[in-house]
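Throughout, a chain's letter reflects where its sequence line sits, starting with A, and its residues are numbered from 1.
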Amino acid sequence: MSKYPFNEIEKKWQKYWEENKTFRTIEDESVPEEKRKYVLDMFPYPSGAGLHVGHPEGYTATDIYSRYLRMNGYNVLHPMGFDAFGLPAENYAIKTGTHPYTTTKKNMENFTRQLKSLGFSYDWDREIATCDPEYYHWTQWIFKKLFEKGLAYEASTPINWCPSCKTGLANEEVKEGHCERCGTKVEKKNIRQWILKITAYADRLLEDLDTLDWPESVKTMQRNWIGKSEGAAVFFKLENFDDTLEVYTTRCDTLFGATYMVIAPEHPLVSKLTTEEQKAAVEKYLEDTKHKSDLERTDLAKDKTGVFSGSYAINPVNGERIPIWIADYVLISYGTGAIMAVPAHDDRDWEFAKKFGLPIIEVLKSDVDVQTQAWTEDGIHVNSQWLDGLNKEDAINKMISWLEEHKCGHKAVNYKLRDWIFSRQRYWGEPIPLVHCPKCGTVAVPDEELPLTLPEVTKYEPSGTGESPLVNVPEWVDTKCPVCGAAAKRETNTMPQWAGSCWYYLRYIDPKNKDRFIDPEKEKYWMPVDLYVGGTEHAVLHLLYSRFWHKVLYDLGLVSTKEPFQRLVNQGMITSFAYQKKNKSLVPVDKVSEVAPGKFVETETGEEVTQVTAKMSKSLKNVINPDDFIRDYGADSVRMYEMFMGPLTESKPWATAGFMGVYRFLDRVWRIVTEKNIEDIGLDKELDKLMNKTIKKVSQDTETLNFNTAISQMMVFVNELNRLEIVPKKTLEILALLMSPYTPHIAEEMWALLGHEPSISKETWPVWDEKKCLDDEVEIVVQINGKLRSRIMMPHNADKKDVLEAVRNDEKTRQWTEGKTIVKEIVVPNKLVNIVVK
RNA sequence: GCGAGAGUGGUGGAAUUGGUAUACACGCUAGUCUUAGGAACUAGUGCUUCGGCUUAAGGGUUCGAGUCCCUUCUCUCGCACCA
């Protein structure tokens, strides 16, 4: 019994690669530009739990691709590092007093060990960690650039506050009203914040998406998040006041149907517009809404609430008085926080008008009675004086011209994207390099004082009052103004975790540079990233933020490309099996038995359960730890199985039985190499054909990241080799080369056993002979009326006439066509013949 | 509600421009062998009333549809009063 000694082989080659720095990458100028590739993984947060099975999936994919490219003559930059600032280490520090760096360092060491145990071909000399002062020196330096450019500003606005994490959050970090990280309900809190003006780049962030080779779903998500809408600003004169009320609308053509206006409860004109009679009602309403969370406000969407302010505006097109209401279905954060309501043609306005008895005027020809329901489809304008008879587009254009001519409005663009709340009231992040001077205002820390390092603290607990633990370190906070030298205080907020990941891909290019954040020559050598692989969870977080920073750096002439990541691929999630009862509740894996193939019952009750796929979770006992499988079956098996499971981009369940199939495959390969008769002989024609076909399929599928089908072709090839008494050496050499990106350890060992010098990763990728891939004889399928009736063998590229001749002589075909009229004969070369008969 | 994607054997999944549906792997059945191991090898394995029928369901285009078009259903993900 020959179990292949994966443990020994893998350790041996990992040591070899490390000692020989096999995968060190240098900027070799002799490599032409089109042969330089930057293949990047989303770097991990080094959590205490270590790698989960999702990590090796994307990392193996890029590793295979990188190794494949190198063997095809490319110079490949393939680095790895750690997104090392983050809350778990800090929360652990609060509980135990352990410095977050201690925890993080330990976790990084564990991650490094695990990553190395998988045999990834990273250039470890380029490793970075965002919490390293050498690294965040330049994060701070880039922040200063943003600050100097006026893209960072301080404001005290109501922001999303997580009471559990005790810090402010960016809009992007709030999911359905809850903290993305911990799931706690988010509150509104008014605190002083540093904010980055990402909205200044909204248009470019939107437009440049078109230039990217990214999954359409991610592009769509970013487009929706930026949420550009084109419409008009309309100014309404107010009765009894000099002010005007500005609204934003996409349908200014429906202005004749505006029967009331709504302003958000937070709108600055609320108190002014509230009349004496309405004061009590308005105050009560404001009090009520204030206590509703954002979530409640949106949850209660179906039931509209509001209160009349007592004041009126004047409709500019017809001089009508329109009542102004206050209601929380209008958000202060979008547009101007005020709307003109056209209840006949908007569901929300209609609902509100019905509830409060406001008039509904039809201005678009409707198929329904607008008094009973809103008509939200297009229609020809009616009751709109000089717009009557026009369609939507013409009416909008005409209205905008009219508004501009009469100085009561203009064309306008609006975005859903909000500026980026950038400060966090926590300890474990990059200190924001600013000083508050009573005389000079907010001043940046001079470049020569960077990095501004984190001071030691005794307590990591956030104050919870909106200040970071750094306020408790007077010797750090109290400083001198870099401009005037007067006593000043340091900014105590820190940067969010996203800051470090906004530019890490640049630092890999020049990780040890002490004088600048990146050498421009090296930057030009590698950028942009040619392939970026990672999970979909960063679709509008990291991937939007880093595009923003990159564009700022581009404007400053510090990088040469407009976009950082040319091609993005999202790996699918690796799920697991779980078992579901009739009532849809899930049963942990260890409480289920398989009573017949594919039939499962809950062991205790005997109740039948069905196998479903579900996320891995501790409670379902279906979490897979890659370390266990590496230990018991080897890294090559883990790598190959994760690629064999299915298409990279699909989510798919881990099946340990399926994993064993891949392990058995490698074991079989090992036995062929070590036990069979291997001779340096020529290949017979059929074997040569299969070998060439295999080279072709594996090459093409690796190129296009269809790793699962490349692996099945290797299996087909190995199954054939396994049948041979004497195996030609050549076939095993080719097999080792083809396998080497996928299962590099066993491939290195095979290469050595076949008498070659290491490393196989330095060898040239094999090429196939197209002529040898062709079959001399092909099977032609004979269909009668589209149904498969017979098959005949014909020479490859046989003449159409000869094929038809052979088909007519085919006995089975004759049985089906006898006594019938042949209407049509279709011949697909080398594939099939379809005879249409009557 | 809006947007994006997906439905193929008992299971994970294959199928160039529309051209043999179910490659490869798992599981299962039977046998051989044994250093009893999540071993190896051999044969079989979509359903079938043996006529045929099968790619979520129904319809359409076509000589021919898993693939293209329409309708419906189910699932996953994202956004959600965005004026």
Side-chain angles (χ1 to χ4, degrees), chain A residues 1-3 175-177 215-221 223-225 227 229 231 247-251 254 262 297-302 304 327-331 333-342 346-349 351-352 414-416 536-537 539-540 572-573 575 577 594 596-599 611-613 632-633 641 644-647 649-665 667-668 671 700 706 708-716 719 722-723 779-788 791 823-837:
Chain A
M1 217 274 14
S2 81
K3 269 252 180 62
K175 302 283 169 203
E176 294 180 359
E216 216 35 62
S217 62
V218 177
K219 289 208 233 180
T220 306
M221 278 164 75
R223 283 192 193 106
N224 291 344
W225 190 261
S229 101
V247 304
Y248 172 76
T249 176
T250 51
R251 294 303 300 270
T254 60
V262 184
R297 265 171 81 160
T298 50
D299 262 4
L300 296 172
K302 283 131 226 153
K304 296 271 179 297
D328 65 2
Y329 82 92
V330 169
L331 308 174
S333 55
Y334 185 75
T336 59
I339 63 156
M340 60 178 226
V342 185
D346 181 283
D347 287 324
R348 296 154 299 174
D349 296 347
E351 205 185 311
F352 191 84
N414 240 301
Y415 297 94
K416 279 198 255 182
T536 187
E537 66 274 15
V540 288
M573 206 193 325
T575 56
F577 286 115
E594 187 169 10
K599 201 178 163 185
Q611 192 180 51
V612 293
T613 57
D632 295 343
Y633 303 100
Y641 175 61
F644 184 61
M645 291 170 82
T649 54
E650 299 295 313
S651 96
K652 50 226 171 257
W654 177 280
T656 298
F659 173 89
M660 291 312 297
V662 170
Y663 172 74
R664 284 205 287 266
F665 165 76
D667 190 44
R668 183 172 305 146
R671 276 182 286 114
Q700 290 176 343
N706 294 115
N708 54 330
T709 47
I711 293 167
S712 30
Q713 185 62 39
M714 292 184 219
M715 289 173 168
V716 171
N719 287 346
N722 200 36
R723 274 179 209 114
E779 190 183 66
I780 306 263
V781 168
V782 184
Q783 295 183 336
I784 312 293
N785 288 345
K787 289 213 193 306
L788 174 67
R791 303 158 202 266
V823 182
K824 208 173 183 181
E825 290 165 323
I826 290 122
V827 180
V828 181
N830 300 320
K831 283 248 165 69
L832 65 70
V833 172
N834 189 11
I835 300 173
V836 187
V837 297

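To the nearest angstrom, C1' of A83(B) lies 11 Å from NZ of K416(A). In this structure, CD of E650(A) is placed 14 Å from P of C77(B), rounded to the nearest angstrom. L832(A) places its CG atom 19 Å from the P atom of A15(B), with the value rounded to the nearest Å. In this entry the distance linking CZ of F644(A) with P of C26(B) reads 8 Å, nearest Å. Rounded to whole Å, atom C1' of C79(B) lies 17 Å from atom CD of E216(A). Taking atom NZ of K219(A) as the reference point, atom C1' of G5(B) lies 16 Å away to the nearest angstrom. Computed from coordinates, the M221(A) CE to G5(B) P distance equals 13 Å when rounded to whole Å. In this entry the distance linking CZ of R668(A) with C1' of C26(B) reads 13 Å, nearest Å.
Here V836(A) lies in heavy-atom contact (under 4.0 Å) with sugar-phosphate atoms only. Among the atoms of the strands shown, base atoms are found under 4.0 Å from some heavy atom of Q783(A). F659(A) comes within 4.0 angstrom of no nucleic acid atom, judged by non-hydrogen atoms across all strands. Among the heavy atoms of the strands, none lies under 4.0 Å from P215(A). Here S651(A) lies in heavy-atom contact (under 4.0 Å) with sugar-phosphate atoms only. Residue N830(A) is out of contact with every strand shown, counting any heavy-atom pair closer than 4.0 Å. In this structure, Y633(A) reaches the bases: a heavy-atom distance under 4.0 Å links it to at least one base atom across the strands shown. Within the 4.0 angstrom heavy-atom criterion, base atoms lie near E779(A). In this structure, N719(A) reaches the sugar-phosphate backbone alone: every heavy-atom distance under 4.0 Å involves primed, P, OP1 or OP2 atoms, never a base. N708(A) comes within 4.0 angstrom of the backbone, heavy atoms only, and of no base.
Y641(A) places no side-chain N or O within 3.5 Å of a backbone atom of W654(A) that could act as its donor or acceptor partner. Between the side chain of K416(A) and the backbone N or O of Y334(A) there is no donor-acceptor pair closer than 3.5 Å. Under the 3.5 Å distance criterion, the side-chain polar atoms of N785(A) are matched with a main-chain donor or acceptor of V837(A). Checked by atom type and distance alone, the side chain of D346(A) pairs as donor or acceptor with a backbone atom of D349(A) at under 3.5 Å.
Contact check for M340(A) versus T254(A): side-chain heavy atoms found under the 4.5 Å cut-off. In this structure the side chain of M715(A) reaches within 4.5 angstrom of the side chain of F644(A), judged on heavy atoms.
Side-chain N/O atoms of K304(A) and base N/O atoms of C81(B) include a donor-acceptor pair closer than 3.5 Å. You won't find any donor-acceptor pair under 3.5 Å spanning the side chain of Y641(A) and the base of G12(B), going by distance alone.
Taking every side-chain heavy atom of K652(A) into account, G13(B) is the closest of A14(B), G13(B), C53(B). With A21(B), G27(B), G19(B) as the choices, the nucleotide that has an atom nearest any side-chain atom of L788(A) turns out to be A21(B). Checking C79(B), U20(B), G64(B) against every side-chain atom of V781(A), the shortest atom distance belongs to U20(B). Closest approach to the V828(A) side chain among G19(B), A15(B), A4(B) is made by G19(B) (side chain taken as heavy atoms from C-beta onward). Closest to the D328(A) side chain, of the nucleotides C81(B), G3(B), C53(B), is C81(B). The side chain of T249(A) lies closest to A83(B) when the candidates are G19(B), A14(B), A83(B). For M715(A), the side-chain atoms get nearest to A25(B) when compared with the rest of A25(B), A83(B), C53(B). Closest to the side chain of N834(A), out of G12(B), C63(B), G27(B), is C63(B). Here C81(B) is the nucleotide among G27(B), C81(B), G12(B) with the atom lying nearest to any side-chain atom of Y329(A). Minimum atom distance to the side chain of I826(A) is reached by G19(B), of the listed A25(B), G27(B), G19(B).
Across A21(B) and U8(B), the matching C1' atoms stand 8 Å from one another, rounded to whole Å. Distance check on atom P: G3(B) versus A80(B) gives 16 Å, rounded to whole Å. Taking atom P in both U61(B) and C69(B), one finds a spacing of 16 Å when rounded to whole Å. Comparing U16(B) with U67(B), their C1' atoms are spaced 12 Å from each other, to the whole Å. Rounded to whole Å, the P atom of G31(B) lies 25 Å from the corresponding atom of G10(B). Comparing the same atom, C1', in G7(B) and in G58(B) gives a spacing of 16 Å after rounding to whole Å. Nucleotides U22(B) and A39(B) are separated by 29 Å at their P atoms, to the nearest Å. For C77(B) and U55(B), the P atoms lie 28 Å apart once the distance is rounded to whole Å.
With values rounded to the nearest 0.5 angstrom, I711(A) atom CD1 is found 11.0 Å from N706(A) atom CG.
Along RNA chain B, the nucleotide closest to N224(A) and the one closest to Q713(A) are compared, and the more 5′ of them pairs with N224(A). For the pair G661(A) and A655(A), both in contact range of RNA chain B, the more 5′-proximal nearest nucleotide belongs to A655(A).
Taking 4.0 angstrom as the limit, N785(A) places none of its side-chain polar atoms (N or O) nearer than this to OP1 or OP2 of G64(B). The phosphate of A40(B) (OP1 or OP2) has a side-chain N or O of R664(A) nearer than 4.0 angstrom. In this structure, K831(A) does not reach the U16(B) phosphate: none of its side-chain N or O atoms is under 4.0 Å from OP1 or OP2. Applying the 4.0 Å criterion to OP1 and OP2 of A83(B), one finds that Y248(A) has every side-chain N and O outside that range. Under 4.0 angstrom from either OP1 or OP2 of A83(B) there lies at least one side-chain N or O belonging to S229(A).
Under a cutoff of 6.0 Å and an axis angle of 45°, K304(A) and F352(A) do not form a cation-pi pair.
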Exercise for review: List the steps, then state whether side-chain hydrogen bond (donor to acceptor under 3.5 Å, both in side chains) holds for D667(A) with Y633(A).
Suggested key: CA-CA 10 Å; D667(A) 190 44; Y633(A) 303 100; over 6 Å; no
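Base orientation at G13(B) is anti, since its O4'-C1' glycosidic dihedral falls outside 90° of 0. For G51(B), the O4'-C1' to base torsion is within 90° of 0; the nucleotide is therefore syn.
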Revision key, fill the gap. Each base of RNA chain B marked ( ) or [ ] if paired in-strand (Watson-Crick or G-U under 3.5 Å), | if paired to another strand and . if unpaired gives (((((((..(((......[....)))((((((.......))))))((....))..(((((..]....))))))))))))....
